[in-house]
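Index from 1, following the sequence. Atom set for the values below is all heavy atoms of this structure, side chains included, hydrogens, waters and symmetry mates excluded.
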Amino acid sequence: MLIALFLGSSLFVYLYNAPTATGKAAPLKAYLAEIPGYTASFDIDLGAEAYAMLKLDDYLFKTYSNQNGPITLYVGYYYTSNKAYAAHSPLICYPSHGWKVDEQPKTQVLQLGKHKIVYEEIVTSLGQQRELVLYWYQAREKANVKVYRNKIDMGYNKLMFNDPKHGFIRVSTPFVGDAGYDVTKKRAIRFIQTAYPFILRFANQSSKM
């Protein structure tokens, strides 16, 4: 009965409350300009065409590095609930740029204190290059890999906080030198552990009408 009530409330929010844009105190780039223990190497410009195709309201596409190697973080954010399907999966993006997805996605769980990130990971390759890619949807403090689950989280946030913001997050890192999967995975997880609090600060901003 509780599930039915919640789903009904979410449906009511989507059908009878027109999406409204939310404001933000500062852009993503301000929240993630610096990550402790990492040097921000450079920003990647998506370009006007890609920005329009993804229907983005704000994004960050940045490479960081430390002594263990580079990490690239992509965060694409949307301020209205009607853009729930705008984010493009790496399963589409990477092959469209010539990369091969070596294995089927693996669903994993990362617990960071009281926060749980449910994410998917893939290994991609292009010639001699190989990358480990981890990605998920973010709606305030909820992190999942299923579109339907993300829509439920968005509905809850809109109902409780008047906040339909949601985003797609991708962390990618190359296999450096002779480093295998375990070493590369640890490097990606350490970065997420450090960067996630800054992502949450942005995600949890209150809406401004």
**Study point:** D57 (side chain) donor-acceptor with Y79 (main chain) under 3.5 angstrom
**Key:** yes

Review point. Does the side chain of R187 come under 3.5 Å of the side chain of T173 through a donor N or O and an acceptor N or O?
Key: yes

**Study point:** Side-chain donor/acceptor of H166 to backbone N/O of R140, under 3.5 Å
**Key:** no

Check your understanding: Should the ring pair Y135 and F168 be called parallel, tilted or perpendicular, given that the plane angle runs from 0 to 90° and is split at 30 and 60?
Key -> tilted

Revision key, fill the gap. Residues L32 and Y64: closest non-hydrogen pair is O-OH, 2.6 Å

Review point. Are Y181 and E121 close enough that a side-chain donor and a side-chain acceptor fall under 3.5 Å?
Key: yes

Practice item. Carefully, step by step, assess V123 and F175 under the rule side chain to side chain contact (heavy atoms under 4.5 Å, CB included). Key: CA-CA 10 Å; V123 174; F175 288 78; 3.9 Å; yes

Point to revise | S65 and T39: side chain donor to acceptor below 3.5 Å | key: no

Check your understanding: Taking C-beta and beyond as the side chain, do N150 and N144 meet within less than 4.5 Å on heavy atoms?
Key -> no

Check your understanding: Mind checking whether E131 and W99 have side chains closer than 4.5 Å, heavy atoms only?
Key -> yes

Point to revise | Same apolar cluster (I L V M F W Y, side chains within < 4.5 Å links), V176/V171 | key: no

Check your understanding: Which atom names give the shortest non-hydrogen contact between P70 and T63, and what distance separates them?
Key -> CB-CG2, 4.2 Å

Point to revise | Pair Y51 and Y59, ring centroids less than 6.0 Å apart | key: yes

Review point. Do I92 and V145 belong together in a cluster built from hydrophobic side chains that touch within less than 4.5 Å?
Key: no

Review point. Would the number of heavy atoms belonging to other residues, nucleotides or ligands and lying under 6.0 Å from CD of Q111 be above 12?
Key: yes

Check your understanding: About how many Å separate CD of E141 and NZ of K116, when rounded to the nearest 0.5 Å?
Key -> 13.5 Å

Check your understanding: Would a 4.5 Å heavy-atom cut-off, applied to side chains only, mark D178 and V183 as touching?
Key -> no

Exercise for review: Answer whether the closest heavy-atom distance between the side chains of I117 and I192 falls below 4.5 Å.
Suggested key: yes

Exercise for review: Would you check if the distance from the ring center of Y31 to the ring center of F198 is below 6.0 Å?
Suggested key: no

Review point. Between the side chains of Q138 and Y77, does any donor sit under 3.5 Å from an acceptor?
Key: no

Check your understanding: Can K29 and F202 be said to form a side chain to side chain contact (heavy atoms under 4.5 Å, CB included), step by step?
Key -> CA-CA 10 Å; K29 291 181 179 180; F202 174 84; over 6 Å; no

Check your understanding: Do K158 and D163 pass the salt bridge (charged side-chain N to carboxylate O under 4.0 Å, His left out) test, and can you show the C-alpha distance, the side-chain angles, and the key distance before you say yes or no?
Key -> CA-CA 4 Å; K158 189 173 182 182; D163 186 1; over 6 Å; no

Review point. Any donor-acceptor pair under 3.5 Å linking the side chain of S89 with the backbone of L91?
Key: yes

Check your understanding: So, K165 side chain and Q205 main chain: donor-acceptor pair closer than 3.5 Å or not?
Key -> yes

Practice item. Go through the steps to decide whether L134 and I189 satisfy the test side chain to side chain contact (heavy atoms under 4.5 Å, CB included), and finish with yes or no. Key: CA-CA 9 Å; L134 287 63; I189 294 299; 4.0 Å; yes

Review point. Got Y196 and H115 here, is their nearest side-chain heavy-atom distance under 4.5 Å?
Key: yes

Check your understanding: How far apart are the closest heavy atoms of A139 and N157, and which atoms are they?
Key -> O-ND2, 3.2 Å

Point to revise | Shared hydrophobic cluster, I44 / L54 (ILVMFWY, side-chain heavy atoms < 4.5 Å) | key: yes

Check your understanding: Between D58 (side chain) and Y78 (backbone), is there a donor-acceptor pair under 3.5 Å?
Key -> no

Exercise for review: List the atom of T184, the atom of P174, and the distance in Å for their closest heavy-atom pair.
Suggested key: CG2-O, 3.9 Å

Point to revise | D102 to T124 - nearest heavy-atom pair and separation | key: OD2-C, 4.1 Å

Point to revise | Derivation of the side chain to side chain contact (heavy atoms under 4.5 Å, CB included) call for L112 and Q193 | key: CA-CA 7 Å; L112 300 177; Q193 290 171 331; 3.5 Å; yes

Exercise for review: With salt bridge (charged side-chain N to carboxylate O under 4.0 Å, His left out) as the test, would you mind laying out the steps for R149 and D153 before giving the verdict?
Suggested key: CA-CA 6 Å; R149 179 70 227 193; D153 293 337; 2.9 Å; yes

Check your understanding: Would you say E34 has more than 12 foreign heavy atoms packed within less than 6.0 Å of its CD?
Key -> no

Review point. Quick one: are S172 and L132 in side-chain contact, heavy atoms under 4.5 Å?
Key: no

Review point. Could you state the interatomic distance from CG (L126) to OH (Y94), rounded to the nearest 0.5 Å?
Key: 10.5 Å

Review point. Any idea which heavy atoms bring E103 and I122 closest together, and the distance?
Key: O-CG2, 4.3 Å

Exercise for review: Would you mind reporting whether I152 and Y148 have side-chain heavy atoms less than 4.5 Å apart?
Suggested key: yes

Practice item. Report yes if the side chains of D43 and K62 come closer than 4.5 Å at any heavy-atom pair, otherwise no. Key: yes

